[in-house]
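Okay, so here's the structure we're looking at.
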There are 2 protein chains.
Amino acid sequence: MPTVKDVARRAGVSVATVSRVLNNSNRVSDKTRQKVLKAIEELGFKPNLLARNFRKDKSNLILVILPTVANVYFARVVKGIEDAARKRGYGILLCTTGNSPEIACEYLKLIERKQVDGAIIASARIDSETIFDLDQKKIVQACEFYPFLDTSCVLIDHKKAFFEIVDYLIKKGKKNILCAIGNEGIPSEEERKEGYRQALEENGLEFSEENVIRCRYGWADIYERLKVLICSGKYDAIACSSDLMAVGAIKAAKESLLKIPDEFAVTGFDNIMISRIYEPSITTVAQPMYEIGEKAAEILIDSLENPDGFSKQKIILPHEIKTRESA
Amino acid sequence: MPTVKDVARRAGVSVATVSRVLNNSNRVSDKTRQKVLKAIEELGFKPNLLARNFRKDKSNLILVILPTVANVYFARVVKGIEDAARKRGYGILLCTTGNSPEIACEYLKLIERKQVDGAIIASARIDSETIFDLDQKKIVQACEFYPFLDTSCVLIDHKKAFFEIVDYLIKKGKKNILCAIGNEGIPSEEERKEGYRQALEENGLEFSEENVIRCRYGWADIYERLKVLICSGKYDAIACSSDLMAVGAIKAAKESLLKIPDEFAVTGFDNIMISRIYEPSITTVAQPMYEIGEKAAEILIDSLENPDGFSKQKIILPHEIKTRESA
């Protein structure tokens, strides 16, 4: 089997140059690139993705830090990362933290240990007390942005997205709208709550802290809470911070024999598969999950391969309101 | 901050012994263990999970190879692995292959490269042509067993499980039962098909290859196929190889205005959350997903820490039929 060295010898270039061509680096002239590609073809050289670590301190692996893999939302983000990484010759490894900032920190140490070249923190919870001195060039935050960690990030405008979906409910005639969001300390959840408040206030409705339900992302927690609240007859809609929460809210409304959406409207967030296949189908905010992952991988690899040219980026991708049967 | 060396010095033992205590190895006497634990307490030593690689060739990381993270089925398996691994002082890294045997092989090379200590292949497709010479002691197969890879494994009896659910349909009076399973070349799918055949034959019904629909695990493929088949009026039930397939089948039956389960019954497989929350709720086979992951991690770590005592194990865990509204 021909090796990278054979290719380098045949093309009359250095091993590093062959590496740059294999990694699609743009620091190679077209002429050189052609020479290398010709040598690869003539020798029948097959580059092996994970064997491409020519330098000992390069693993060609990117770590993706997730809170959990139990949410299919992340599956699309991961697919985007994976496809973009593979195009550039990188494999990816995932780890999950159960939202423990301490576990996130432990896994981030794999960068120092050269087990991975860099990391994408995708929604996993971190905090300013456990986070240690990290090389910002080797980390990108995706979906969520913790400002105390001074890195590039790729996400949507959570406040604007939640504003728009609550505004949509109001335009549909809803006046007593609950808001179900995740627990405190997660930046996107606070942004969404702010979007909810603004939408009410701009439409002349009153914001009240007691209409904000803090709950878990799954369907069961909000289902139990809403079964009680709904009895009051005070509310005509709920804007939820995940599609699974919306499923729980719909279940509670159905059990109270409320007509959806006329008597009680429900919206979700994320646009995961269940929002399309559930009955009624769920009006939700579509996050460009694949694109968030793709873009995060691209900017991370750019800065890993060209650290001198690094400049921090904050990339906001567009979201979209998907109107369906539930609101 | 006190280090492992400090603990060893204080306890009057070697660093390797401290390591064994931290890793819950049973190759340490109780007396020595007490000495080490006392030194740890006195010094206020905090062992860091991922920093516990005292030997250069030990990463304290286990790789989990999955086809995808888009199926929540795997989330439970991963949680079981994670919990069991953490108890023994290991972190886990996940990788996904999109069911490409070549990609599975690339990731398995991380064992040779000492990036991980061992791997659990959880349902990811592998084939005898791409698989290279692997140390069977460092790999466990979970959920699925490819016999050409001579390792320990943890899974359910797929044939028996599918037999039971088809037998259940027959006992409910169904006579013309379709079977929807995954593509060829996956051992569990062939086992399930065999279970379907046996259940029909033992109940005096005829097995016909044309009633076996090969399709993707998601809901859309079977939905399209069944919409056409159902028009014939020939069938009164379908046994599906995943819960998402069952969702697709229910959608197709509903659109044809068939009453579920009286006119058309549907069963799923796995018992993922959607089988409980979908309407109608889905009769399915519950796999002990968490326990499969937990057990796989335990036997892998046992053989990593005590390779001389290695003996190959095939562990079959019990499944359970969950009867709900769809059949």
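Sequence lines set the chain letters: A, B, ... in the order given, protein chains first and strands last, and positions in each chain run from 1. Worth knowing before you read on, the calculation uses all heavy atoms, side chains too, and leaves out hydrogens, waters and symmetry mates.
Shortest non-hydrogen contact noted between Ser59(A) and Arg113(B) is O-NH2, 3.5 Å. The two atoms that bring Ala70(A) and Ala75(B) nearest to each other are CA-CB, 3.3 Å, heavy atoms only. The nearest pair of heavy atoms linking Ile277(A) to Trp219(B) is CG2-CE2, 3.4 Å.
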Practice prompt. May I have the step-by-step check of side chain to side chain contact (heavy atoms under 4.5 Å, CB included) for Val69(B) and Leu66(A), ending in yes or no?
Written response: CA-CA 11 Å; Val69(B) 284; Leu66(A) 301 164; 5.8 Å; no
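In summary, the side chains of Thr96(B) and Glu82(A) do present a donor paired with an acceptor at a separation below 3.5 Å, with no hydrogens or angles considered.
The number of heavy-atom neighbours closer than 6.0 Å to NZ of Lys254(A), taken from other residues, nucleotides and ligands shown, is above 12. Few gaps surround CZ on Arg324(B); more than 12 heavy atoms of other groups in view lie less than 6.0 Å from it. The environment of Arg225(A) atom CZ is dense: over 12 non-hydrogen atoms of other residues, nucleotides or ligands sit within 6.0 angstrom.
Comparing Glu279(B), Arg76(B), Met273(B) by how many heavy-atom pairs each has under 4.5 Å with chain A, the most go to Glu279(B). Contact tally against chain A (heavy-atom pairs below 4.5 Å) for Val64(B), Val72(B), Leu94(B), Val116(B): the top residue is Leu94(B).
Using a 4.5 Å cut-off between heavy atoms, Lys79(B) makes no contact with chain A at all. For Ile272(A), no part sits under 4.5 Å from any heavy atom of chain B, backbone or side chain. Using a 4.5 Å cut-off between heavy atoms, Leu63(A) touches chain B through its side chain atoms alone.
Counting only heavy atoms from C-beta outward, the side chains of Tyr107(A) and Leu93(B) approach each other to under 4.5 Å.
For the atom pair CG of Leu61(B) and CD of Gln115(A), the computed distance is 6.0 Å after rounding to the nearest 0.5 Å.
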